[in-house]
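Every value quoted in this text rests on a predicted model; they were computed, and no experiment measured them. Each chain gets a letter, A, B and so on, in the order its sequence line appears, and its residues count up from 1.
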2 protein chains.
Amino acid sequence: MESLPIHITINPELYTKNPESSDLGKKIVQTSIEMINDLGFESFTFRKLGVAIGSNESSIYRYFESKHALLVYLINWYWSWIEYKLVFATTNITSAKDKLNIAITLFTQEVKEDNSFTFINEILLNKIIISESVKAYHTKDIDEENKKGFYKTYKRVVQRVSDMVLEINPKFEFPHMLISTVIEGAHHQRYFSQHLPSLTDVEEGKNNVVRFYTDLVQKTIV
Amino acid sequence: MESLPIHITINPELYTKNPESSDLGKKIVQTSIEMINDLGFESFTFRKLGVAIGSNESSIYRYFESKHALLVYLINWYWSWIEYKLVFATTNITSAKDKLNIAITLFTQEVKEDNSFTFINEILLNKIIISESVKAYHTKDIDEENKKGFYKTYKRVVQRVSDMVLEINPKFEFPHMLISTVIEGAHHQRYFSQHLPSLTDVEEGKNNVVRFYTDLVQKTIV
DNA sequence: CTCGATTTAATAGTAATACTTTCATATCTT
DNA sequence: AAGATATGAAAGTATTACTATTAAATCGAG
């Protein structure tokens, strides 16, 4: 699975010029991931990115109209990638319970390998999702952006897994709540384990996040 | 309970000058809550607040060193208030299960009344917690601020309720994860229900958030 | 290989933000 | 009434998040 030369297509509304269409574009995305990780989203600027890649600020603006737009692009890329992994990993598996467990693991485990079939480092991107993604959708423009389809990929992933829940228990009332709780919850737990450890029970090498949410889902949907 | 003239004390590290010590200070806090709700945290500025209260920007800086500091103050006020309600509502209740249910309800229900024993509107403050609180602790300075005790109140509330979980099932491995998942999850669900409804199953007047999390906790800790 | 189109770079500029500083004035305290 | 403290007014700074203009480099088609 990991080495297939797949290609992730991103909704053209999410960029001004497709960053995949040029070396500069790829460099922008690739380096922005590193810099957002290092500096945090607030301290990251297009000016600094320009300096880092030896390119001009104004050139970056031809690809993304703002750093917010770039973050939204990255988030969409991430969810497209997760969706691909999800579909691939659950194809030909008949048991709904097995499929659901695969999905929960995918959402809650730490990303530890960069498949490098693209210019995007998935380990770092996962870290950005954990630390910065809430900033993308907690803005005053959320409704407008949602209308434009900026969060479609994420919503589609939640829908797919909610359907698995309903396959197991068609009477379960809150499948979307459950799945979005697991996804956002797992991100928070990873963040807390680094910065506010007394809010969590994560222990090195014990896979607690995956175990906790897997168990929680199984018990809740009965 | 609601009409007791209680007083909430805030850690002095969280302000430069105590806003409760003057009319101006109270007006700053009171009006900032309204403005953050109206404008969102990003568009809210001390300059705008100064205009709104007919006071000078520089005077506001004498109370809070930045708008981030003000947000952290508000969050702490909120958690102190919740802690008070929690302790009050669970005193003299012997059943650990009952206590836990009271706590979960407190965390997940919408705040609908402003007790107005203070200058703070708790309905609006709850909305700020839902929409903006993640911005307070998703910053590069989190570790430093955590060391200074900025998030102590929140952590103490989580600890109290984790202890209730352990009272019911002393072998449960992940009490902190469970409680922080419920708290953050409930905030997300409220936010999603307004802005990204396909990520949730909230319905008007059906109390779904409370029901979902109450049920989830009961099943998970067994 | 060259002409025209496209892409990128360089430079400058703008409005707003998030403060800081200084000094004057008002108010409150004893 | 004097001194201390709180607030206001005004100006200033560095940075941000862009936009605009023009020139240079590069690329692709005939």
**OP:** Rounded off to whole Å, could you give me the CG-to-C1' distance for the B:Asn18 and D:dA6 pair?
**Re:** 15 Å
Original post:
Does B:Ser21 have a side-chain nitrogen or oxygen under 4.0 Å from the phosphate oxygens OP1 or OP2 of D:dA6?
Top reply: no
Original post:
Over how many whole Å does the gap from A:Glu42 atom CD to D:dA17 atom P extend?
Top reply: 9 Å
Original post:
Between D:dT16, C:dA18, D:dA6, which one does the side chain of A:Lys48 approach most closely?
Top reply: D:dT16
**OP:** Return the nearest nucleotide to the side chain of B:Arg62; candidates are D:dG8, C:dT20, D:dC18.
**Re:** D:dG8
Original post:
Are any of A:Ser59's side-chain N or O atoms less than 4.0 Å away from OP1 or OP2 of C:dA9?
Top reply: yes
Original post:
Please give, in whole Å, the distance from D:dT15 C1' to A:Glu57 CD?
Top reply: 11 Å
Subject >> Comparing B:Lys17 and B:Arg47 on DNA chain D - which has the more 5′ nearest nucleotide >> reply: B:Lys17
Subject >> Any A:Glu57 side-chain heavy atom under 4.5 Å of A:Thr45 side chain >> reply: no
Original post:
Please give, in whole Å, the distance from D:dA17 P to A:Leu71 CG?
Top reply: 13 Å
Original post:
When the distance from CG of A:Asp23 to P of D:dT26 is rounded to whole Å, what number comes out?
Top reply: 13 Å
Original post:
Which of these nucleotides, C:dA18, D:dT16, D:dA9, is closest to any side-chain atom of A:Thr45?
Top reply: D:dT16
**OP:** Would you check if there is a donor-acceptor pair between the side chains of B:Asp141 and B:Thr139 at a distance under 3.5 Å?
**Re:** no
Subject >> Interatomic distance where CG belongs to B:Leu24 and C1' belongs to C:dA26 [whole Å] >> reply: 13 Å
Original post:
For the rings on A:Phe64 and A:Tyr73, is their centre-to-centre separation under 6.0 Å?
Top reply: yes
Subject >> Candidates D:dT7, C:dT20, C:dT7 - which lies nearest the side chain of A:Tyr63 >> reply: C:dT7
Original post:
Is the closest side-chain heavy-atom distance between B:Ser32 and B:Lys67 below 4.5 Å?
Top reply: no
Subject >> Integer-rounded Å distance: C:dT7 P and A:Lys26 NZ >> reply: 15 Å
Original post:
What is the nucleic acid contact for B:Phe46, judged by heavy atoms within less than 4.0 Å: base, sugar-phosphate only, or nothing?
Top reply: nothing
Subject >> B:Ser22 side chain near D:dA6 phosphate (N/O to OP1/OP2, under 4.0 Å) >> reply: no
Original post:
B:Ser58 side chain: which of D:dA10, C:dA18, C:dT8 is closest?
Top reply: D:dA10
**OP:** Please tell me if the side chains of B:His176 and A:Leu199 come closer than 4.5 Å, counting only heavy atoms from C-beta onward.
**Re:** no
Original post:
In whole angstroms, how far is the P atom of C:dT7 from the CD1 atom of A:Ile60?
Top reply: 17 Å
